[in-house]
There are 2 protein chains.
Amino acid sequence: MSTDLLTDESCGLRERKKRETRRALNLAALDLVEEKGFAAVTTEEIASRAGVSARTFFNYFPSKEAAVIGTTAEELESYAAALEEDVHGETPLESLRRILASMLAPSSIDKELRARRRRILLGEPSLAPALVGNNIRIENALTAALERRLGVRPGASLEARLTVAVAIAAVRACIEHQQNGGSGRLERNIDQAFERIGAGLR
Amino acid sequence: MSTDLLTDESCGLRERKKRETRRALNLAALDLVEEKGFAAVTTEEIASRAGVSARTFFNYFPSKEAAVIGTTAEELESYAAALEEDVHGETPLESLRRILASMLAPSSIDKELRARRRRILLGEPSLAPALVGNNIRIENALTAALERRLGVRPGASLEARLTVAVAIAAVRACIEHQQNGGSGRLERNIDQAFERIGAGLR
DNA sequence: CTGCAATTTTGCAGTGACTGCACATTCGGC
DNA sequence: GCCGAATGTGCAGTCACTGCAAAATTGCAG
């Protein structure tokens with residue numbers, strides 16, 4: 001239920017090709033952004049390097065940004081599922097710290113792509129708008145998941161959305177801090193941030 | 001020092017005309033978005049309704065979004081100034097609650113424009129990406145201001161950025177909650193959100 | 001009030017993201 | 001091999017946004 005990103009359905013050639021194309025586009029986009037910066041990269045270039053037509057690019061990603069920082073529907077579901085399940089005595093905030101931190105850590109699956117994404121994320125401040133735009137989707141998915149976990153109706157109370165929004169904001173603040181040459185390592189800062197949030201801000 | 005948005009420099013005809021044009025574009029944009037929705041409005045239409053050429057639109061706003069939800073450099077400075085000054089025994093978070101709430105409240109200056117903006121903000125979920133993009137500018141300005149107030153060097157510690165980011169996230173969460181038909185009035189929810197943040201989330 | 005300099009407006013041409021559509025290609029099952 | 005479905009591709013078009021240079025407007029000095 002959690003290891004099916006590579007092994008899953010290698011049966012269908014069609015499905016495999018789609019995965020390959022998507023990944024090729026993803027890597028091409030990251031490559032080019034590292035080389036020339038986000039603004040200087042065109043969708044045509046990305047498609048060309050990935051070996052598909054310009055039109056096909058938009059069959060896979062709705063925007064140039066999505067090819068660089070886009071979160072897959074699958075990833076989204078997996079995060080939501082992780083938040084929904086109630087791990088022994090973990091508070092929602094603790095679960096969120098764990099899950100959001102894992103999004104930045106190069107995980108077992110697709111290390112290269114993750115590491116690449118992370119480096120670009122930290123190095124390109126011009127991607128900030130796209131990044132926060134993408135966060136909206138994550139926030140919505142996680143909010144819905146937390147509402148299910150808490151057993152409240154969607155939108156009934158502020159609590160779930162507030163918790164998720166604050167947690168994401170904390171991680172984002174750490175990223176921005178890093179971008180501006182701030183002190184400390186990312187993981188350590190994230191831990192500190194969540195501690196302060198848990199203790200109450202002033 | 002705080003009442004110079006209308007009275008200020010009516011001396012120069014040039015300056016006055018610029019203000020008028022900016023305002024006309026702003027109102028035209030809000031009008032059209034209310035009528036047809038953000039996506040269906042073109043910059044040409046906005047310019048046309050405001051009585052200027054299409055090219056001139058981009059002399060005033062860098063993007064279509066900015067004409068609808070853009071925060072002026074002046075507004076930004078005024079918020080920053082408000083946060084920088086240390087009001088008797090107010091904690092940073094309390095100051096932020098006051099200032100951010102005032103951004104949504106139709107203030108004494110330009111009531112109409114503010115009220116219009118607020119209505120559209122709450123009614124058009126499609127503007128969410130643009131909204132969070134705009135928030136980055138606010139966050140940066142307020143972070144710098146808070147750092148000055150706390151007497152720390154820019155980017156030296158996480159604290160200032162974290163506090164500002166969380167405060168903005170809280171307000172945004174309330175707005176999203178409202179958009180999704182959530183319960184309660186906006187101001188009341190904002191108050192509750194800040195109380196929880198101050199008390200520490202779980 | 002008149003010409004001059006600075007500022008602003010505008011038209012034009014161009015780039016690039018993104019979309020709908022029709023058609024070709026490929027794949028999976030039979 | 002054959003057919004329906006999914007996918008890839010070319011084409012034409014819209015629209016946001018930009019740089020550039022000419023035209024209009026404003027401020028100012030004489």
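Letters A, B, ... are given to chains in the order of the sequence lines, protein chains preceding strands, and every chain is numbered from 1.
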* Asked: OP1 or OP2 of D:dT7 less than 4.0 angstrom from a side-chain nitrogen or oxygen of A:Lys17, does that happen here?
  -> no

* Compare the minimum distances between each of C:dT9, D:dA6, D:dT9 and the side chain of A:Thr56, then state the nucleotide with the smallest one. => D:dT9

* Asked: So which nucleotide from C:dC12, C:dA6, C:dG28 ends up closest to the side chain of B:Arg55?
  -> C:dC12

* Asked: Under 4.0 Å between a side-chain N/O of B:Ser53 and OP1 or OP2 of C:dT10, yes or no?
  -> yes

* To the nearest Å, how far apart are A:Glu20 CD and D:dG8 P? -> 12 Å

* Ionic contact status for A:Glu187 with A:Arg118, cut-off 4.0 Å -> yes

* To the nearest angstrom, how far is B:Glu15 atom CD from C:dT7 atom P? -> 12 Å

* Nearest-angstrom distance from the residue atom CZ of A:Phe57 to C1' of D:dG8 -> 15 Å

* Residues B:Arg19 and B:Glu74 bridged, charged N to O under 4.0 Å -> yes

* Can you check salt bridge (charged side-chain N to carboxylate O under 4.0 Å, His left out) on A:Glu112 and A:Arg23, steps first, answer last? -> CA-CA 11 Å; A:Glu112 185 194 348; A:Arg23 188 183 153 80; 3.5 Å; yes

* To do: Run the salt-bridge test on B:Glu45 and B:Arg49 with the 4.0 Å N-O cut-off and return the result as yes or no.
  => no

* **Check: B:Glu139 side chain, B:Ile168 main-chain N or O, donor-acceptor pair, under 3.5 Å** => no

* **Rounded interatomic separation in angstrom, taking CZ from B:Arg16 and C1' from D:dT26** => 12 Å

* May I ask you to decide if A:Leu121's main-chain N or O and A:Gln179's side chain share a donor-acceptor pair within less than 3.5 Å? => yes

* More than 12 foreign heavy atoms under 6.0 Å from CD of A:Glu44: is that the case here? -> no

* To do: Check the distance between D:dT7's P and A:Arg19's CZ and give it to me in whole angstrom.
  => 12 Å

* Of residues 58-67 of chain A, the positions that come close to DNA chain D - non-hydrogen atoms, cut-off under 4.0 Å -> A:Asn59, A:Tyr60

* **Separation of D:dT7 P from A:Arg14 CZ (nearest whole Å)** => 6 Å

* Structure fact -> The correct set of residues in residues 21-51 of chain A placing a heavy atom under 4.0 Å from DNA chain D is none

* Could you tell me which residues satisfy side chain to side chain donor-acceptor pair (under 3.5 Å) with B:Thr43, sequence neighbours excluded, listed by chain and number? => none

* Asked: Will you find, in the side chains of B:Ser95 and B:Arg149, an N or O donor that is under 3.5 Å from an N or O acceptor?
  -> yes

